[in-house]
Protein chains: 2
Amino acid sequence: MAKTDTKTRILDTAERLFAQKGFDAVSLRNIIASAKVNLAAVHYHYGSKQALIYAVIARRLRPINEERLAKLAEARANAGRRPVKLENVLECLFRPLFRVQADPKAGPTFARLVGRVIGERNEGLQKFMMGELAEVIIQFSAAFETALPGLAKEETDWRSHFMAGSMAHTLCNADLLVRFTGTDAGMSDYETTVRRLIDFTAAGFRAKVSPPPKKARAKRAPKKK
Amino acid sequence: MAKTDTKTRILDTAERLFAQKGFDAVSLRNIIASAKVNLAAVHYHYGSKQALIYAVIARRLRPINEERLAKLAEARANAGRRPVKLENVLECLFRPLFRVQADPKAGPTFARLVGRVIGERNEGLQKFMMGELAEVIIQFSAAFETALPGLAKEETDWRSHFMAGSMAHTLCNADLLVRFTGTDAGMSDYETTVRRLIDFTAAGFRAKVSPPPKKARAKRAPKKK
DNA sequence: ATTTAATTCAAACGAATGTTTGAATCAGGC
DNA sequence: GCCTGATTCAAACATTCGTTTGAATTAAAT
């Protein structure tokens with residue numbers, strides 16, 4: 001095998017290290033040392049560390065999001081006039097994302113990286129992710145509402161939020177489960193992980209909305225101020 | 001009101017800034033500038049930035065965890081010989097944590113901070129949190145298993161994992177919901193947030209375990225290698 | 001072979017970080 | 001008063017960071 005391109009070797013190494021330790025914790029010098037390239041090569045090929053981060057994310061996330069949308073469109077077509085079943089919507093959302101864990105090229109590294117992005121406070125990164133995810137959010141939000149007729153939009157939004165948390169946490173901290181509980185079976189089997197996540201979140205979406213506590217039973221809740 | 005203590009003013013300011021931007025992103029100089037104290041005071045009173053981080057977390061988290069355990073013990077006592085209902089277990093776990101959002105002293109800042117800790121890759125911080133949470137994890141894991149007889153332990157662990165993700169994400173990225181969806185009603189009402197989170201996660205815990213996909217129906221799944 | 005552009009390299013830059021130092025200031029006990 | 005310990009302060013320390021520079025090297029085209 002020919003020596004891989006400098007540009008892609010930087011990208012691969014950055015992906016691996018970012019996934020392991022986070023974006024801030026990994027310096028460009030860590031990357032170039034591990035990738036055995038010159039420091040200036042990073043800026044020559046990518047311009048800045050921020051741009052490198054974006055490139056790392058975009059390379060994997062863009063195909064994932066395309067596949068998500070394609071699968072959802074396909075599910076819509078198969079469903080005809082009926083709404084797509086909630087479990088199928090979730091599968092379209094989860095499977096393309098978790099499948100990269102089984103990809104020997106990407107390895108288990110990238111999934112954790114994506115999971116971590118959500119928790120990042122980096123402003124530019126947030127905006128970048130919003131841009132990348134915009135269409136996915138629009139399409140899947142609509143799909144959730146369609147799959148859950150009768151559930152108030154506000155509740156649907158909150159539950160989407162909870163679902164995103166479960167998804168991100170599972171991606172990012174898969175190793176935590178091992179440490180917490182001692183179990184480690186099935187970690188490698190992403191199919192099972194997706195199935196479990198669908199079971200959990202689908203039931204959460206479908207949960208009965210419990211009434212507010214009695215103490216706030218007045219028509220207009222008394223404002224403290 | 002007398003000028004607050006230097007030591008606690010550092011702690012308060014650090015808490016606020018850490019919650020806003022994260023631990024790495026906030027420098028000691030940011031803190032001392034905002035708290036109007038001398039740089040060396042941080043090391044004089046806390047020894048290091050790491051120790052300051054621990055102190056910030058421990059101050060709030062320790063009472064929260066104590067309250068969690070106390071409430072769970074109380075619920076156990078009230079339940080007598082019967083297992084504590086799942087929703088009550090979750091309430092013992094969520095309410096003390098989310099209540100700090102309504103605390104004007106702590107403000108909404110700290111909740112986000114706790115949520116963020118979970119996603120941090122900082123090794124020492126991870127171990128510190130494990131130590132702080134050890135008893136909580138033990139007690140509540142047991143409570144979940146008791147409340148969910150018939151559910152395999154492995155499934156219970158995974159679902160606890162998903163639940164933790166929803167909880168952390170909700171704490172950390174409460175503002176995301178606003179940006180994603182446009183809704184913002186009820187954000188301030190932590191009671192409603194807790195109720196919604198309980199609805200979602202309790203249903204998730206109770207979900208029927210769907211069978212593995214048919215293609216893997218063989219007794220011994222064929223290994224690729 | 002000569003020219004041209006693309007790429008790699010060692011070295012340095014300026015800024016920011018956590019930490020340490022040693023003197024100055026404050027507080028209270030004798 | 002004076003002394004002792006606790007606290008504050010300005011200044012510096014040693015690293016590390018992302019980035020830039022300008023020359024050296026490589027590769028391809030004429």
Side-chain angles (χ1 to χ4, degrees), chain A residues 1-58 113 116-117 120-128, chain B residues 1-58 113 116-117 120-128:
Chain A
M1 185 171 78
K3 184 160 88 78
T4 48
D5 203 37
T6 296
K7 191 170 176 179
T8 68
R9 198 156 72 256
I10 291 173
L11 206 62
D12 290 340
T13 309
E15 175 180 85
R16 180 167 49 83
L17 295 183
F18 283 153
Q20 279 170 14
K21 315 185 109 186
F23 298 112
D24 289 341
V26 174
S27 70
L28 292 184
R29 286 174 175 81
N30 294 146
I31 296 172
I32 63 109
S34 187
K36 298 211 173 71
V37 302
N38 189 272
L39 177 58
V42 177
H43 293 87
Y44 178 77
H45 286 290
Y46 294 98
S48 70
K49 186 183 182 182
Q50 273 283 11
L52 174 62
I53 293 175
Y54 296 163
V56 166
I57 296 172
L113 193 152
R116 162 159 337 172
V117 172
E120 282 282 332
R121 195 50 50 175
N122 181 325
E123 179 129 6
L125 190 52
Q126 287 261 9
K127 293 209 166 134
F128 174 77
Chain B
M1 184 172 79
K3 184 161 88 79
T4 48
D5 202 38
T6 297
K7 192 170 176 179
T8 67
R9 199 157 69 256
I10 292 173
L11 207 60
D12 289 340
T13 310
E15 175 180 84
R16 181 167 48 83
L17 296 183
F18 284 153
Q20 279 170 13
K21 316 184 108 188
F23 298 113
D24 289 341
V26 173
S27 70
L28 293 184
R29 284 172 176 83
N30 294 147
I31 296 172
I32 63 108
S34 188
K36 298 211 173 69
V37 301
N38 189 273
L39 177 57
V42 177
H43 293 87
Y44 177 77
H45 287 288
Y46 294 97
S48 69
K49 185 183 182 181
Q50 211 40 284
L52 174 63
I53 293 175
Y54 296 163
V56 166
I57 296 172
L113 194 152
R116 163 159 337 171
V117 172
E120 281 285 329
R121 195 50 51 174
N122 181 325
E123 181 129 3
L125 190 53
Q126 286 263 9
K127 291 205 168 138
F128 174 78

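Predicted model only: the values in this text are computed from it and were never measured. All chains are named by letter (A, B, ...) in the order of the sequence lines, taking the proteins before the strands, and each is independently numbered beginning at 1.
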For DNA chain C, whose closest nucleotide is more 5', that of A:Y44 or that of B:K49? A:Y44
Can you tell me the distance, in whole Å, between the CD1 atom of A:I53 and the C1' atom of D:dG18? 11 Å
B:A51 to B:Y46 - nearest heavy-atom pair and separation: CB-O, 3.2 Å
Taking for A:G47 and for A:N30 the nucleotide of DNA chain D with the nearest heavy atom, the one nearer the 5' end belongs to A:N30
Nearest 0.5 Å please: distance from the CD1 atom of B:I32 over to the OG1 atom of B:T13. 10.5 Å
B:H45 side-chain N/O to D:dT8 phosphate OP1/OP2 under 4.0 Å: yes
Looking at A:F23, is its backbone amide N or carbonyl O close enough to the side chain of A:K49 to form a donor-acceptor pair, meaning the two atoms are under 3.5 Å apart? yes
Return the value, rounded to whole Å, for the distance between atom NZ of B:K36 and atom C1' of D:dT7. 20 Å
Can you check the B:D5 CG to C:dA27 C1' distance for me, whole Å? 14 Å
Whole angstroms only, please: what is the CG-P distance between A:L39 and D:dG18? 9 Å
Which of C:dT19, D:dT20, D:dC17 is nearest the side chain of A:R29? It is D:dC17
Provide, to the nearest angstrom, the distance between the CD1 atom belonging to B:I10 and the C1' atom belonging to D:dT8. 11 Å
Counting only side-chain nitrogens and oxygens, does B:T6 get under 4.0 Å of the OP1 or OP2 atom of D:dT7? no
Determine the contact category for A:A40: base if any of its heavy atoms lies under 4.0 Å from a base atom, sugar-phosphate if only primed atoms, P, OP1 or OP2 are that close, otherwise nothing. base
Is there a side-chain polar atom (N or O) of B:S27 under 4.0 Å from OP1 or OP2 of C:dT17? yes
Testing the basics here: between B:H45 and B:K7, what is the closest heavy-atom pair and its distance to 0.1 Å? ND1-CD, 3.7 Å
Atom pair distance, as rounded to whole Å: CG in A:L52 and C1' in D:dC17: 15 Å
Separation of atom CG in B:L28 from atom P in D:dC13, rounded to whole Å: 20 Å
Can you check whether B:N38 has a side-chain N or O nearer than 4.0 Å to OP1 or OP2 of D:dA10? yes
Could you give the NE2-to-P distance, from B:H43 to C:dT20, as a whole number of Å? 6 Å
Hey, could you give me the CG/CD1 distance between A:L11 and A:I31, rounded to the nearest 0.5 Å? 9.5 Å
